[in-house]
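Contents: one structure, followed by commentary.
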Amino acid sequence: MPSVNRIVQPITHKGKKAILKKEPKLIEDLKEALFLKGTRTSQIVIDIMKDLYDLKKPNVQMMQKKNDIIPFEDITPIEKFTFKYNTSLFMMALHNKKRPHNLVMGRMYERTLLDMIEFGIENYKGLKDFKVEKITSGLKPLLIFNGELFETNHEYGRIKNLLVDMFQREEVQKIRLQGLEHVLSFTAVENKILLRSYRIFLKKSNTRIPKIELEEIGPCADLLCRRNKFASEDLFKTACKKPKVIKVKMRKNISRDTFGTTYGRIHVGSQNINSIQTRKMKGLKKTLSEKNIQKRKLATDNSDDTKLK
């Protein structure tokens, strides 16, 4: 039988301590997510969490057992679970009479909670409700954010940043059109975020750019923004800080556009055009009137000098 390399999680205290001693990586691995259920759940919130689990594969782990955890009252159990399974993102399904069909998303920094948002699920349609061809698992989705609230509102800006962390995959340097198959759209309206999922079809056109058509494949839901718990500005800045080794040094008077073209600016001192030696052409010779004006200027300058003396 061929040997299979499996990632073994540390069990003993010595093994966990060895992980703590490791230095942080300059380029982090792909962010893993942990999906778990509360003691009380509804079928709607379980179904949407399963659909999002299918979209995020393989960078996700699902816990099957129910857990007596209320994140907004005590986040410690979730912090322990994320450390145990080595995940920095989590999603939890909850349900009660006061807040029905509850979905909690959050992320960790230094093994403690950074941001957390609570959504209420409305107008849900799952992947099974759309009788269309599905996308292949593990595709990198295109994330589209519609609405001014994502740019103007502070809370919606943090939610956008959290959603990008939750659904993005590895960074790519080049894009192939045939690899663009999936779109996740988030539209911000008053107190809601509309989640839609589409499949991309590239069809022939009379130009080099193909004609793009979208077909909704699910899941589809209205995410009602309820409670949130965001980190302070100082903690958020430290969490987003990049090492100096990775930072690209800014060079003076050099810029790049969106297509990667480099532009340089050269500063030249002022030049006296009259002193430049030019070819002796009739078109460049001074006319009689220009010579007379120059003589008058020289005469006035000499008269001013004699008066000063």
Side-chain angles (χ1 to χ4, degrees), residues 6-25 28-96 99-121 137-138 158-159 161-170 219 223 226-232 235-236 238-240:
R6 293 188 176 90
I7 299 172
V8 181
Q9 298 292 338
I11 299 173
T12 61
H13 178 71
K14 187 177 180 180
K16 292 179 180 179
K17 195 173 181 181
I19 289 179
L20 290 173
K21 286 183 178 180
K22 287 185 178 180
E23 296 181 358
K25 297 180 180 179
E28 295 182 353
D29 299 330
L30 293 178
K31 293 185 178 181
E32 299 281 333
L34 179 67
F35 286 17
L36 61 159
K37 307 171 188 175
T39 50
R40 292 183 180 180
T41 57
S42 65
Q43 191 61 39
I44 291 175
V45 73
I46 288 176
D47 289 343
I48 190 172
M49 191 169 71
K50 285 182 178 179
D51 289 345
L52 296 177
Y53 171 81
D54 291 335
L55 294 180
K56 192 166 173 58
K57 284 180 180 178
N59 307 116
V60 62
Q61 301 179 49
M62 175 82 80
M63 294 181 66
Q64 300 299 330
K65 293 183 179 180
K66 293 185 177 181
N67 302 275
D68 187 11
I69 300 172
I70 303 175
F72 281 88
E73 292 184 7
D74 186 14
I75 195 63
T76 307
I78 295 180
E79 290 176 347
K80 290 180 180 178
F81 279 133
T82 53
F83 173 66
K84 179 180 178 181
Y85 293 101
N86 193 22
T87 59
S88 57
L89 303 165
F90 72 89
M91 187 182 295
M92 188 170 185
L94 297 166
H95 176 74
N96 55 50
R99 297 182 180 87
H101 316 306
N102 222 14
L103 191 68
V104 180
M105 293 185 190
R107 55 184 169 181
M108 299 293 173
Y109 173 68
E110 295 291 338
R111 304 179 186 88
T112 56
L113 179 68
L114 182 68
D115 290 329
M116 182 167 57
I117 179 70
E118 186 180 66
F119 293 115
I121 308 302
S137 179
R158 285 288 185 89
I159 294 172
N161 193 278
L162 175 58
L163 291 172
V164 170
D165 263 359
M166 182 66 70
F167 294 104
Q168 77 171 353
R169 295 186 188 272
E170 68 280 356
L223 307 179
R226 290 175 176 164
R227 296 180 291 178
N228 59 60
K229 193 173 183 181
F230 296 132
S232 61
L235 181 59
F236 186 73
T238 54
C240 297

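The basis for the numbers below is simple: all heavy atoms, side chains too, and nothing from hydrogens, waters or symmetry mates. The model shown is predicted, which means the values in this text are computed figures rather than measured ones.
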So which heavy atom on [X] is nearest to which on [Y], and how close?
X	Y	answer
Lys37	Gln64	NZ-O, 3.9 Å
Ala33	Lys56	CB-CE, 3.4 Å
Arg158	Ser232	NH2-O, 3.9 Å

Identify whether the distance between the nearest side-chain nitrogen and carboxylate oxygen of [X] and [Y] falls below 4.0 Å.
X	Y	answer
Arg227	Glu118	yes
Asp115	Lys229	no
Arg111	Glu79	no

- Query: Is it the case that more than 12 heavy atoms not belonging to Asp68 sit under 6.0 Å from its CG atom?
  - Reply: no
- Message: For Lys80, I'd like to know if atom NZ has over 12 heavy atoms of other residues, nucleotides or ligands within 6.0 Å.
- Response: no
- Query: With distance as the sole criterion, is a donor-acceptor pair present between the side chains of Thr41 and His95 under 3.5 Å?
  - Reply: no
- Query: Just by distance, with hydrogens left out, do Asn102 and Arg40 show a side-chain donor and acceptor under 3.5 Å apart?
  - Reply: no
Nearest 0.5 Å, what's the [atom1]-[atom2] distance between [X] and [Y]?
X	Y	atom1	atom2	result
Leu113	Arg107	CG	CZ	10.0 Å
Asn67	Thr39	CG	OG1	9.0 Å
Thr87	Glu32	OG1	CD	8.0 Å
Phe90	Leu36	CZ	CG	8.0 Å
Ile70	Leu94	CD1	CG	8.0 Å
Phe83	Ser88	CZ	OG	13.5 Å

- Only one of Thr82, Asn59, Asp165 passes side-chain contact (heavy atoms from CB on, under 4.5 Å) with Leu89, and that residue is Asp165
Between [Y] and [X], is there a side-chain heavy-atom distance shorter than 4.5 Å?
X	Y	value
Ile69	Phe81	yes
Met108	Ile78	yes
Gln61	Phe35	no
Leu34	Met63	yes
Pro71	Met116	yes
Leu114	Phe230	no
Met166	Met91	yes
Met105	Leu163	yes

